[in-house]
Amino acid sequence: MAEPRAKNFIYEQIDADLAAGRHSTVVTRFPPEPNGYLHIGHAKSICLNHGIAAAYNGRFHLRFDDTNPSKEETRYVESIKEDLRWLGADWGDNLFFASDYFEQLHDWAVHLIREGRAFVCDLSGDEIRAHRGTLTTPGRESPFRGRSVEENLDLFARMRAGEFGDGEKVLRARIDMAHPNLNMRDPVLYRILHAKHHRTGDGWCIYPMYDFAHGQSDAIEGITHSICTLEFEDHRPLYNWFIDNLPVPHRPRQIEFARLNLTHTVMSKRRLLQLVNEGHVDGWDDPRMPTVSGLRRRGYTPEAIREFCDRVGVAKRNNTISLSLLEFCLRQDLEGRAPRRMAVLDPLKVVITNFPEATETYAGPNHPAEPAMGEREVPLTREIYIEREDFMEDPPKKYFRLAPGREVRLRYACYITCTDVVKDAEGRAVELRATFDPESRGGSTPDNRKVKGTIHWVSATENVPLEVRLYEPLFSAENPDDVPEGGSFLDNLNPESRRTVAAYGEPALRGTRPGEPVQFERKGYFVLDADCAEDRPVFHRSVTLRDSWAKQAKAGD
RNA sequence: AGGCCCAUGGUGUAAUGGUAGCACUUCGGAUUUUGGUUCCGUCAGUCUAGGUUCGAAUCCUAGUGGGCCUGCCA
């Protein structure tokens with residue numbers, strides 16, 4: 001038996017089932033409804049299910065839970081498959097649809113009717129609700145509960161034949177209207193829906209409810225462990241009731257775990273949809289969205305997401321994971337593989353007054369610790385841009401970047417000393433004058449003098465203009481729901497969540513391909529947008545580098 | 001209010017009746033041609049009260065706190 005990397009309570013239960021001989025193999029599944037896009041919470045479930053199947057050398061199924069034609073569309077099926085493939089969750093030949101089982105499910109409904117365990121009910125939706133009772137009071141039995149098997153069979157057949165309109169009748173299980181678990185109070189099994197289904201078309205006008213479809217679909221596929229989130233805990237007795245009362249070929253077991261929550265974001269489909277519909281973001285794949293497509297566009301890698309899903313753990317306690325863990329996983333993954341480049345995001349011109357007119361070329365390793373990644377050429381000219389924040393006219397003690405009279409190293413190139421500050425009418429520095437030490441070419445000097453600061457730079461004449469998008473969390477509050485009485489999570493939307501700047505990059509950036517991570521030295525990891533025009537590259541910042549100076553400076557004020 | 005579930009540092013997660021560990025975060029230090037990386041260190045935890053036991057984070061009871069459930073959604 002495989003030794004799982006992260007042992008959690010689900011593995012223990014599976015071990016126990018295997019040890020008791022209840023199963024000889026392990027089969028899991030990911031069962032999305034094709035009515036929306038996948039988010040990082042789904043990724044956790046995918047990694048869990050796929051990881052378990054892999055750990056036990058079992059099978060992993062992708063099954064679309066498409067029992068509600070009024071909400072589901074083929075385009076969602078495609079995007080979900082794309083997201084799974086990208087995440088690396090391979091379902092092999094095991095692609096299924098609950099709608100493939102409609103005929104079998106229907107036969108099982110007939111079976112229940114024959115056994116006297118299901119009946120056709122004419123009550124309206126409102127009446128069923130009124131009969132259901134409340135959390136503290138028992139429900140009342142439907143007046144149609146006592147119909148004969150023959151009448152139920154006839155009525156159900158006519159429901160299927162399309163003789164009734166939407167909502168006129170439903171098929172319900174006959175269980176217990178006084179059950180403390182409301183799911184057991186004669187739950188609806190089938191409803192009438194004259195809607196075109198994305199796969200079965202007009203083949204059906206009655207559709208099974210989730211409860212009647214899910215467990216039986218698991219049983220049909222031989223799923224051994226049906227892993228779902230906590231809110232289905234109350235459905236487990238019903239799940240088991242169907243398995244107990246139907247001649248199903250296998251006996252799956254439902255196990256619940258706590259869904260993933262992340263700070264500074266929302267995770268429910270409803271709210272994500274609201275963000276898109278109300279234009280708070282550009283779309284489902286907006287790089288600020290916690291969707292799989294948004295994270296992908298932001299520059300997250302499947303490896304980083306899988307590592308994250310591994311690290312968050314699996315338990316039954318409600319949890320909220322810190323966004324910093326997600327960012328940590330990305331940095332960790334990109335650190336070793338992203339080629340280094342230089343780009344200036346907030347340019348300040350520097351004229352190196354004693355620099356020759358001709359361009360000089362310096363070699364910069366693509367990675368400081370991986371010589372195998374090679375190097376690229378970086379042109380240095382008399383006029384360059386540096387980051388505005390890398391100069392201070394009146395620096396605090398521990399600032400070791402450029403200041404009047406101070407010397408810094410231009411990364412990979414040489415030392416410069418600031419000699420003059422050119423200011424505009426408001427006294428703001430608009431240009432610096434500097435001199436360079438010809439002895440320092442290559443980044444060090446024969447006298448071995450120490451230069452504390454190394455800053456990045458880009459030639460003012462040999463560069464690539466870039467559009468760069470800088471991101472902050474979509475919500476400024478850790479918990480977007482943390483609002484005063486009567487407020488909305490939208491009140492916590494971060495107005496600074498996206499900032500677009502015009503930047504300059506070194507020429508080697510021209511060779512970057514969409515989706516390929518790069519590190520802009522000292523500024524973070526970036527990714528070239530897949531849809532931008534070739535002559536106007538757009539880079540998204542995936543994540544910043546850790547910045548202990550920023551922290552120190554902030555603590556200083 | 002009825003049923004079900006949950007409770008370990010700031011966050012997340014281990015310890016399965018026998019020394020409370022790991023990771024993220026925080027804060028420090030070393031190294032560094034990225035204030036990055038790497039390395040080392042630091043702060044900090046078993047919800048409360050009873051009980052069982054030689055011994056309880058772990059088992060039992062009660063309390064407290066939190067989550068879910070009254071769709072012909074999934």
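Chain naming here is simple, since letters A, B, ... match the order of the sequence lines and numbering starts at 1 in each.
Ring-base stacking between A:Tyr210 and B:A74 is not satisfied when judged by a centre separation under 5.5 Å and a plane angle under 30°.
Atom-to-atom distance recorded for A:Asp186:CG and A:Arg172:CZ is 5.0 Å, nearest 0.5 angstrom.
Nearest-nucleotide assignment on RNA chain B puts the 5′-proximal partner with A:Ala258, out of A:Ala258 and A:Ser440. Heavy-atom nearest nucleotides on RNA chain B were determined for A:Lys450 and for A:Asp66, and the one closer to the 5' end corresponds to A:Lys450.
Using atom P as the reference point in both B:C40 and B:C6, the two lie 38 Å apart (nearest Å).
A:Arg411 forms no cation-pi arrangement with A:Trp457, by the criterion of a distance under 6.0 Å to the ring centre and an angle within 45° of the ring axis.
Side chain A:Asp547 to base B:G36: no donor-acceptor pair is found below 3.5 Å. Contact annotation: side chain of A:Arg401 to base of B:G35, donor-acceptor pair present below 3.5 Å.
Residue-level contact check: A:Asn68 touches the backbone only, with heavy atoms under 4.0 Å from sugar-phosphate atoms and none from bases. A:Gln519 comes within 4.0 angstrom of a nucleotide base, judged by non-hydrogen atoms across all strands. A:Leu193 comes within 4.0 angstrom of nothing in the nucleic acid, heavy atoms only. As judged by a 4.0 angstrom heavy-atom cut-off over every strand, A:Tyr190 is placed among residues making no nucleic acid contact. Across all strands, A:Tyr399 comes closer than 4.0 Å to base atoms (heavy-atom distances). Note on A:Met209: only backbone sugar-phosphate atoms sit closer than 4.0 angstrom, heavy atoms only; bases stay farther off. Among the protein residues, A:His235 comes within range of the nucleic acid bases, having at least one heavy atom under 4.0 Å from a base atom.
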Whether each nucleotide of nucleotides 19-26 of chain B has a protein heavy atom under 4.0 Å at its base (B), only at its sugar-phosphate (S) or at neither (-) is summarised, 5' to 3', as ----SSSS

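Look at B:G71: its glycosidic torsion is within 90° of 0, and that puts it in the syn range.
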For RNA chain B, the dot-bracket notation using Watson-Crick and G-U wobble pairs below 3.5 Å, [ ] for pseudoknot-type crossings and | for other-strand pairs, is .((((((..((((....[..))))..((((.......)))).....(((((..]....))))))))))).....

